[in-house]
Chemist: 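There's a structure below that I have some questions on.
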Amino acid sequence: ESNHNRVPLASGVLERGRRRQEVPFHMPGHQRGRNIHPVMQQLSESALNYDTTEVKGLDYLSTPSGIIGEAQKLASEAFGAERTWFLVNGTTAGIQAAVLSTVASPEDTVILSRDCHQSAFSALVLSGAFPIWVKPEYDEMYQFASVSTENFRETLAKLDKPPSAALVVSPNYFGLCGDISELARECHDLSIPLLVDEAHGSHFAFHGDFPCTSLDLGADLVIQSTHKTLSAMTQASMLHTRGSRVNADRICTSLQILQSSSPNYLLMSSIDAARAHASLASDYYDAKTPGPSRKFSQLIEDCLAAKREISLIQGIEVLGVGGDYENDLRKKGRIDPLRITLCVSDLVGCNGFEMSSILEDEYGIVSELATDRCIVFIVTLSTTKSDLDKLAFSLREISSRFLAAAGAQGSSSEMKKSTLDAAFDSTQVMPPREAFFGKHRRVKIAEAVGMISAEIVCPYPPGIPILYPGEEITENALSYLQTFKADGGYITGCSDTSLKSILVMNMKKGKLGWGS
């Protein structure tokens, strides 16, 4: 018999939110309301009083002409855009709108870096466009992918007809930015708009020590997750444009289709407040201007000091500190100083997943992302120096524990050969839209090699699919996914997350290709 007095979801959120002793190094950027604009503080204290709708004086998100329009104009000024739209369906809706706004017909193509977020798939289904995938660059030590300018250029040169648009990610989840200025130049030479998923770079506009914003580097349209690195509420994002290569009217129409007709005013208010909060924390404002006690300049200094301290811990490498990254990429402004990405592959008996669990269970430090060999921590205006000190202290203790264990075993860790490069070897044999609406069947995972995937199969985080619908399933792709899951990772997107089976297209491969 059901007990309808139970509220398991609400109770779980309430219990987790009460763990005030935890140190959150994860999104949203306000990190449980630790550092937000005073107006947002007032709204959050009695949230239901302000959970309202489009009553007189509160404007309309779909056709703003009052306070929403004014807030969006202030945002465009702060972020260096010519026009800005507020998003209440997250950056996902922004990516979908970006593609819908640039594709003229279902027969068009879009060129995408293969490390794009899974929301790119839904954009392709909605638009009907065929993806031209660009193989990304791979970091063997940290095992992540990032957009490759060289591969992008080569792929463009091979096309008989220019694509409708190009979509890339910068920065990636790990804090590494692409060469957006060069990518923009390649695109604009062919009159192609460059769309950038800048979900993790919403703070770049507010300090000179951050990498340049994609808009400043030549991008035509940028989507940012204001909730990830600034102080907006989860699901709150923005879409910015500059120039005339993307039609603003098409963006408005697309967003009316994609966004809720009952937008949450607390979400929208949090975007407005996050812009003001970040602006007042910027060194571009006079130090006497009232604002957050935490400024970006001091935060950057504290975070870089913590990175250097952590880099001295035996068995742990820090992205952007020492080696090629510091000597090359840092000079080019391609590393986010507020993203702490660690490689722990030199520790015996402790991979990234296990290190993340130990940090949370024993020290109360909650990371943003863990993989087999990596852990990622998001640093925002809500992060204190004591948070960073505690992180360094905890890592030092854990490292000494596993280095001692390695000494007792008389062995050392060997770096696993990266399989991520090989995992992206699938061929797109039909448009994602056709695969989405086509007939499917379920097969055992061991029988799936050579068939066409009918669903997304995606390690999460960071949410970059290894298989897309319409792609031929390869042994390398399945091997990577099974290894990722066996190491403690999560698989999303597919209907059977145990990876015992997979949905495939109800087709067979003949001598002349695929057929029903």
Side-chain angles (χ1 to χ4, degrees), residues 54 58-112 119-120 122-131 161-168 184 187-188 190-199 202 213-216 218-226 235-265 267-268 271-272 275 433:
E54 294 101 330
L58 293 188
D59 208 358
Y60 298 88
L61 178 61
S62 58
T63 53
S65 59
I67 58 176
I68 295 177
E70 182 183 357
Q72 290 186 159
K73 186 175 187 303
L74 285 167
S76 67
E77 292 171 359
F79 289 89
E82 290 181 5
R83 187 163 177 182
T84 293
W85 290 259
F86 285 1
L87 306 175
V88 294
N89 288 28
T91 291
T92 291
I95 290 173
Q96 292 168 341
V99 174
L100 284 175
S101 301
T102 51
V103 171
S105 71
E107 291 74 34
D108 283 0
T109 59
V110 175
I111 187 168
L112 310 95
S119 56
S122 57
L124 294 168
V125 170
L126 290 168
S127 66
F130 191 90
K161 176 185 175 183
S164 294
L167 175 62
V168 299
C187 288
H188 296 165
L190 298 173
S191 299
I192 302 167
L194 176 62
L195 321 174
V196 179
D197 174 357
E198 200 176 56
S202 58
T213 69
S214 294
L215 284 176
D216 283 344
D220 300 283
L221 183 152
V222 169
I223 314 101
Q224 296 173 340
S225 293
T226 321
Q235 203 172 307
S237 295
M238 292 192 231
L239 186 155
H240 307 290
T241 59
R242 189 187 287 182
S244 59
R245 291 185 182 87
V246 182
N247 188 300
D249 291 335
R250 285 280 300 274
I251 295 173
C252 292
T253 303
S254 299
L255 287 175
Q256 287 181 27
I257 294 171
L258 296 165
Q259 298 219 88
S260 171
S261 59
S262 301
N264 186 295
Y265 273 79
L267 287 182
M268 291 189 287
I271 301 174
D272 189 26
R275 180 268 312 158
R433 183 180 178 89

Chemist: Do you know the tightest heavy-atom contact between S164 and P193?
Modeler: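 Looks like O-CD, 3.3 Å.
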Chemist: With distance as the sole test, does R245 use its side chain to make a donor-acceptor pair with the main-chain N or O of S191 at under 3.5 Å?
Modeler: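 Side chain of R245 to backbone of S191, a donor-acceptor pair under 3.5 Å: no, none is there.
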Chemist: Between atom SG of C187 and atom CD1 of I111, what is the distance when rounded to the nearest 0.5 Å?
Modeler: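 Interatomic distance, C187 SG to I111 CD1, rounded to 0.5 Å: 7.5 Å.
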Chemist: Please report the shortest heavy-atom distance between G90 and S237, naming the atom on each side.
Modeler: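 Heavy atoms of G90 and S237 come nearest at C-OG, 3.4 Å.
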Chemist: Stepwise, does the side chain to side chain contact (heavy atoms under 4.5 Å, CB included) test hold for D272 with I67?
Modeler: CA-CA 10 Å; D272 189 26; I67 58 176; over 6 Å; no
Chemist: What distance separates I223 CD1 from S225 OG, expressed to the nearest 0.5 Å?
Modeler: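 Those atoms lie 9.0 Å apart.
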Chemist: Supply the atom-to-atom distance E54 CD to S62 OG, rounded to the nearest 0.5 angstrom.
Modeler: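 Between atom CD of E54 and atom OG of S62 there are 7.0 Å.
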Chemist: Can you check whether M238 reaches W85 side chain to side chain, under 4.5 Å on heavy atoms?
Modeler: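 The answer is no; the side chains never approach within 4.5 Å.
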Chemist: Which atoms form the tightest heavy-atom contact between V110 and A129, and what is the distance?
Modeler: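 Shortest heavy-atom contact: CG2-CB, 3.9 Å.
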Chemist: Can you tell me how far the CG atom of D108 sits from the NZ atom of K161, to the nearest 0.5 Å?
Modeler: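 Going from CG on D108 over to NZ on K161, the span is 5.5 Å.
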Chemist: Minimum heavy-atom separation for L215 to F79, with atom names?
Modeler: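 So the two residues come closest at CD1-O, 3.8 Å.
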Chemist: Does N89 use its side chain to pair, donor to acceptor, with the backbone of L258 at less than 3.5 Å?
Modeler: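 Yes.
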Chemist: Give me the atom names and distance for the closest heavy-atom approach of T63 to Q256.
Modeler: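 For T63 and Q256, the tightest heavy-atom pair comes out as CG2-NE2, 4.2 Å.
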Chemist: Would F130 and V103 satisfy side chain to side chain contact (heavy atoms under 4.5 Å, CB included), going step by step from the backbone distance to the final call?
Modeler: CA-CA 10 Å; F130 191 90; V103 171; over 6 Å; no
Chemist: Looking at OG1 of T241 and CG of L195, how far apart are the two atoms once the value is rounded to the nearest 0.5 Å?
Modeler: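 The CG atom of L195 is 11.0 Å from OG1 of T241, to the nearest 0.5 Å.
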Chemist: For residues T102 and L221, determine if any side-chain heavy atom of one lies less than 4.5 Å from a side-chain heavy atom of the other.
Modeler: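 In short, these two side chains do not touch, never coming nearer than 4.5 Å.
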Chemist: Checking the side chain of E82 only, and the main-chain atoms of S244 only, is there a donor and an acceptor separated by less than 3.5 Å?
Modeler: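 Between the backbone of S244 and the side chain of E82 there is no qualifying donor-acceptor contact (under 3.5 Å).
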Chemist: For the residue pair Q96 and S122, confirm or rule out a side-chain donor-acceptor distance under 3.5 Å.
Modeler: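 Checked: Q96/S122 side chains pair up, N/O donor to acceptor below 3.5 Å.
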Chemist: Would you say the side-chain atoms of R83 pair up with the backbone N or O of Q72, donor to acceptor, closer than 3.5 Å?
Modeler: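 Flag not set: sc R83 to bb Q72 has no pair under 3.5 Å.
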Chemist: Counting distance only, does the side-chain N/O of S119 pair as donor-acceptor with the main-chain N or O of T92 below 3.5 Å?
Modeler: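 Checking the backbone N and O of T92 against the side chain of S119, no donor-acceptor pair under 3.5 Å is found.
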Chemist: Enumerate the salt bridge (Lys or Arg N to Asp or Glu O under 4.0 Å) contacts for residues 66-75, please, sequence neighbours excluded, ordered by first and then second residue.
Modeler: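 Found K73-E77.
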Chemist: For A236, which residues count as a side chain to side chain contact (heavy atoms under 4.5 Å, CB included) partner, sequence neighbours excluded?
Modeler: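 With neighbours one apart ignored, the set is A232, S270, I271.
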Chemist: Just by distance, do the side chain of Q235 and the backbone of V88 share a donor-acceptor pair under 3.5 Å?
Modeler: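 Yes.
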Chemist: Between L239 and A97, which heavy-atom pair has the shortest distance, and what is it?
Modeler: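 So the minimum-distance heavy-atom pair works out to CD1-CB, 4.4 Å.
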Chemist: Out of L167, D197, V99, V168, which one pairs with L112 under the side chain to side chain contact (heavy atoms under 4.5 Å, CB included) rule?
Modeler: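 Of the listed options, the one satisfying the test is L167.
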Chemist: Could you grab the distance from atom CD1 of I192 to atom CG of D220, nearest 0.5 Å is fine?
Modeler: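 Output value for this atom pair is 10.5 Å.
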Chemist: Can you list the residues that meet the side chain to side chain contact (heavy atoms under 4.5 Å, CB included) rule with S202, with sequence neighbours excluded?
Modeler: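 Checked S202 against side chain to side chain contact (heavy atoms under 4.5 Å, CB included); matches are Q224, T229, L230.
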